[in-house]
Novice: 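Quick one: structure below, then a few questions.
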Amino acid sequence: VGREFGRGLVKAIYEWRKTFDMVEDFIRLSDGQTTIVRDGASFGTFNNVVFENADHEREYQALILQSNYRVTDRLTGGGSYTLQIRNHGNFTGEGTNTPGAVSIFGDYPEIFDPSLDRVFPEGRLPTFQRHKLRIYGIVTQDLGAFGSVDVAPIWRASSGQVFSFAAAGFPITAIELARNPGYPVNDINPSFARTIFFGERGAGRFKGYGVLDLSATYSIPVWRSARPWLKVDLFNVLGNDKLIAWDTTVTADLASPRDANGIPTGFVQGPRFGQATSDAHFIQPFPGQDGGRAFRMAFGVRF
C-alpha cells in the first residue's frame with residue numbers, strides 16, 4: 001500500500017513466506033536393506049535410503065514501512081523500518097554451498113523420533129531480528145562551473161539477533177540404542193552424534209546497535225554530457241566498537257537430570273561463553289568486512 005503526497009511518498013508492505021515439505025532422507029526398516037557384494041566379497045548389509053518430503057517448516061512475517069520526502073531542491077530525506085513479526089521454524093535449512101543437505105530427521109524413527117523435540121525444537125531462527133531502521137538524507141550543493149557535491153549520511157539501527165543454547169556432538173544414549181528394532185549394527189553405533197537443544201530454538205539474544213555512515217560524491221562537467229566523478233564512503237563514522245555477538249558454546253551437563261530418552265536437561269557454558277572469539281562478533285562496517293571504521297573510494301566518468 002503506497003501513496004504519494006506533494007514531494008513525498010509513503011509505502012507499507014506486509015511480507016509473508018512459508019517454506020514446508022522440505023526434502024529429507026528417510027532410513028526405515030520398512031524400506032528394506034541391501035547387501036553389497038562386489039567381486040565375490042561382501043561389504044555388509046545396509047539400510048536403503050529414501051528421499052521424501054519431511055515435516056520441516058519455516059515461516060516469516062514482517063511489516064516494512066518506507067518513505068522519502070524532497071524538502072527542497074537541495075535536500076531529500078527518507079527512511080525504512082522493518083518489524084519482524086515472525087521468523088519461526090524447526091529447521092534452519094541448507095547451509096552455504098551445501099544444496100541437498102540432510103539431517104537426522106526421518107532416520108531410524110523407532111530410535112530417534114521420541115527425542116526429536118531435543119534436536120528439532122520450534123522457535124526463532126538465527127536470522128530473527130525484531131527491528132531494523134534506516135534513516136538517510138541527501139544534501140546537494142551546486143558549485144556552478146565547478147560541478148556539484150552530494151553529501152548523504154545514513155543512520156543504521158538494528159536490534160540483536162538470536163542464538164540457541166545447543167550442544168553439538170552429543171552421542172546416542174543407551175535408552176535410545178535399546179530401542180533398535182533390528183537395524184544393522186554398522187549403521188547404528190554408540191559414536192553416532194547430533195546437536196541437542198536446551199529449551200526452544202533462538203532462546204538467547206545478542207545485542208542491538210546503531211551506526212552512522214557517510215557518503216560524499218563530487219562531479220564536474222567537462223564537455224557536453226561527460227562528467228568525471230569521485231565518491232568517498234565512510235562507514236561507522238563514530239567508531240562504534242560494541243560487542244554485538246559472542247561465543248555461545250555449551251556442553252551437556254552430565255550431572256543434570258535426564259529426560260525420558262536419557263539426554264541431560266542441563267548444560268554448562270563453555271570457558272569463553274559470552275566473549276568475543278571472532279572479528280564478526282563486533283559491528284561490521286558493511287557485510288563481509290570486519291573491523292571498526294572503513295573507508296572506500298571510487299571514481300569514474302559518466303557520459
Novice: Given side-chain hydrogen bond (donor to acceptor under 3.5 Å, both in side chains), test Q61 with Y14 step by step and report yes or no.
Specialist: CA-CA 7 Å; Q61 297 181 51; Y14 173 72; 2.5 Å; yes
Novice: Give, for atom OG of S219 and atom CZ of R302, the distance between the pair rounded to the nearest 0.5 Å.
Specialist: 6.5 Å
Novice: Mind checking what makes side-chain hydrogen bond (donor to acceptor under 3.5 Å, both in side chains) contact with R293, not counting sequence neighbours?
Specialist: none
Novice: For residues Y136 and G79, report the shortest heavy-atom separation together with the two atoms involved.
Specialist: CE2-N, 3.5 Å
Novice: According to salt bridge (charged side-chain N to carboxylate O under 4.0 Å, His left out), does anything in residues 31-51 pair up with another residue at least two apart or in another chain? List the pairs.
Specialist: R28-D31
Novice: Is the closest basic N to carboxylate O distance between R7 and D73 below 4.0 Å?
Specialist: yes
Novice: When hydrophobic residues are tied together by side-chain contacts of less than 4.5 Å, even through go-betweens, does I13 share a cluster with L9?
Specialist: no
Novice: Do the non-hydrogen side-chain atoms of T140 and V149 ever get within less than 4.5 Å of each other?
Specialist: no
Novice: Linking Ile, Leu, Val, Met, Phe, Trp and Tyr through side-chain heavy atoms less than 4.5 Å apart, which residues share a cluster with V301?
Specialist: F303
Novice: Given side chains that start at C-beta, do those of P228 and V222 come closer than 4.5 Å, heavy atoms only?
Specialist: yes
Novice: Is F235 reachable from I283 through a run of hydrophobic residues whose side-chain heavy atoms are each under 4.5 Å from the next?
Specialist: no
Novice: Could you give me the CA-CA distance, side-chain angles and deciding distance for R205 and F128, then say whether side chain to side chain contact (heavy atoms under 4.5 Å, CB included) is met?
Specialist: CA-CA 10 Å; R205 184 187 293 273; F128 178 86; 4.2 Å; yes
Novice: Shared ILVMFWY cluster between F51 and F112, side chains joined below 4.5 angstrom?
Specialist: yes
Novice: Shortest non-hydrogen contact from N53 to F26?
Specialist: O-CZ, 3.8 Å
Novice: Is a side-chain donor or acceptor of S256 paired with a backbone partner of G266 at a separation under 3.5 angstrom?
Specialist: yes
Novice: Please lay out, stage by stage, how K231 and M297 fare under the test side chain to side chain contact (heavy atoms under 4.5 Å, CB included).
Specialist: CA-CA 6 Å; K231 183 180 181 183; M297 182 173 65; over 6 Å; no
Novice: Indicate yes or no for a side-chain donor-acceptor contact from Q84 to the backbone of Q129 under 3.5 Å, with no hydrogens or angles considered.
Specialist: yes
Novice: Please enumerate all residues that pass side-chain hydrogen bond (donor to acceptor under 3.5 Å, both in side chains) together with D113, with sequence neighbours excluded.
Specialist: none
Novice: Could you give the distance from OG (S164) to CD (E200), rounded to the nearest 0.5 Å?
Specialist: 9.0 Å
Novice: Under the side chain to side chain contact (heavy atoms under 4.5 Å, CB included) test, which residues partner P181, sequence neighbours left out?
Specialist: L29, E110, I111, Y183
Novice: Does N240 use its side chain to pair, donor to acceptor, with the backbone of G210 at less than 3.5 Å?
Specialist: yes
Novice: Would you say V71 ends up clustered with V139 if hydrophobic residues are merged whenever their side chains have heavy atoms under 4.5 Å apart, either directly or through other cluster members?
Specialist: yes
Novice: Does N90 offer a backbone N or O that forms a donor-acceptor pair with the side chain of R201 under 3.5 Å?
Specialist: yes
Novice: Would you indicate whether the side-chain heavy atoms of F91 and M22 approach each other to under 4.5 Å?
Specialist: yes
Novice: Mind running side chain to side chain contact (heavy atoms under 4.5 Å, CB included) on W229 and I220 for me, showing each step along the way?
Specialist: CA-CA 7 Å; W229 56 269; I220 182 172; over 6 Å; no
Novice: Which atom pairs, one a donor and one an acceptor, fall under 3.5 Å between side chains of residues 152-160 and the rest of the protein, sequence neighbours left out?
Specialist:
residue: R156; atom: NE; partner: D213; partner atom: OD2; Å: 2.6
residue: R156; atom: NH2; partner: D213; partner atom: OD1; Å: 3.4
residue: R156; atom: NH2; partner: D213; partner atom: OD2; Å: 3.2
residue: R156; atom: NH2; partner: P285; partner atom: O; Å: 3.0
residue: S158; atom: OG; partner: R134; partner atom: NH1; Å: 3.4
residue: S159; atom: OG; partner: R130; partner atom: N; Å: 3.3
residue: S159; atom: OG; partner: H131; partner atom: N; Å: 2.8
residue: S159; atom: OG; partner: H131; partner atom: O; Å: 3.3

Novice: Measuring from I85:CD1 to N87:CG, what's the distance to the nearest 0.5 Å?
Specialist: 11.5 Å
Novice: What pairs of donor and acceptor atoms, side-chain ones from residues 116-125 against any protein atom, are under 3.5 angstrom apart with sequence neighbours left out?
Specialist:
residue: R118; atom: NE; partner: F197; partner atom: O; Å: 2.9
residue: R118; atom: NH1; partner: D259; partner atom: OD2; Å: 2.8
residue: R118; atom: NH1; partner: P264; partner atom: O; Å: 3.3
residue: R118; atom: NH2; partner: F197; partner atom: O; Å: 3.2
residue: R118; atom: NH2; partner: P264; partner atom: O; Å: 2.9
residue: E122; atom: OE1; partner: H88; partner atom: NE2; Å: 3.4
residue: R124; atom: NE; partner: G202; partner atom: O; Å: 3.2
residue: R124; atom: NH2; partner: G202; partner atom: O; Å: 2.8

Novice: Which residues pass the side-chain hydrogen bond (donor to acceptor under 3.5 Å, both in side chains) test with R258, not counting sequence neighbours?
Specialist: none
Novice: Hydrophobic side-chain clustering at under 4.5 Å (ILVMFWY, transitive links): who's grouped with W246? Put none if nobody.
Specialist: F163, F165, F170, I196, F198, F206, L243, V250, L254, I263, F267, F273, F282
Novice: For D247 and Q275: C-alpha separation, side-chain torsions, deciding distance, then whether side-chain hydrogen bond (donor to acceptor under 3.5 Å, both in side chains) applies.
Specialist: CA-CA 6 Å; D247 183 275; Q275 302 177 28; over 6 Å; no
Novice: Under the salt bridge (charged side-chain N to carboxylate O under 4.0 Å, His left out) rule, what pairs show up with a residue in residues 82-92, not counting sequence neighbours?
Specialist: E59-R86
Novice: Rounded at 0.5 Å granularity, tell me how far CD1 in I244 sits from CG in D241.
Specialist: 11.0 Å
Novice: Would you please name every residue forming a ring pair (Phe, Tyr, Trp, His ring centres under 6.0 Å) with Y209, sequence neighbours left out?
Specialist: none
Novice: Same hydrophobic cluster for F295 and F299, using side-chain heavy-atom links shorter than 4.5 Å among ILVMFWY?
Specialist: yes
Novice: Could you go step by step and tell me if F105 and H56 meet the ring-ring contact (aromatic ring centres under 6.0 Å, His included) rule?
Specialist: CA-CA 9 Å; F105 188 95; H56 296 318; 4.5 Å; yes
Novice: Show every salt bridge (charged side-chain N to carboxylate O under 4.0 Å, His left out) that has at least one partner inside residues 264-289, sequence neighbours left out.
Specialist: none
Novice: I need the single residue from T217, L214, V232 that forms a side chain to side chain contact (heavy atoms under 4.5 Å, CB included) with V151. Which is it?
Specialist: L214
Novice: For E57 and T19, run side-chain hydrogen bond (donor to acceptor under 3.5 Å, both in side chains): C-alpha distance rounded to whole Å, both residues' side-chain angles, the deciding distance at 0.1 Å, then the answer.
Specialist: CA-CA 5 Å; E57 64 176 35; T19 307; over 6 Å; no
Novice: For N261, is there any backbone N or O sitting under 3.5 Å from a side-chain donor or acceptor partner on T173?
Specialist: yes
Novice: Does the K242 side chain pair with the main chain of G208, one donor and one acceptor, at a distance under 3.5 Å?
Specialist: yes
Novice: Atom CG in L63, atom CD in E15: separation rounded to 0.5 Å?
Specialist: 10.5 Å
Novice: Check the pair Q141, S148 against side-chain hydrogen bond (donor to acceptor under 3.5 Å, both in side chains), reporting the backbone distance first and the verdict last.
Specialist: CA-CA 6 Å; Q141 179 62 55; S148 64; over 6 Å; no
Novice: CG of D290 to CD of Q284: how many Å apart, nearest 0.5 Å?
Specialist: 5.0 Å
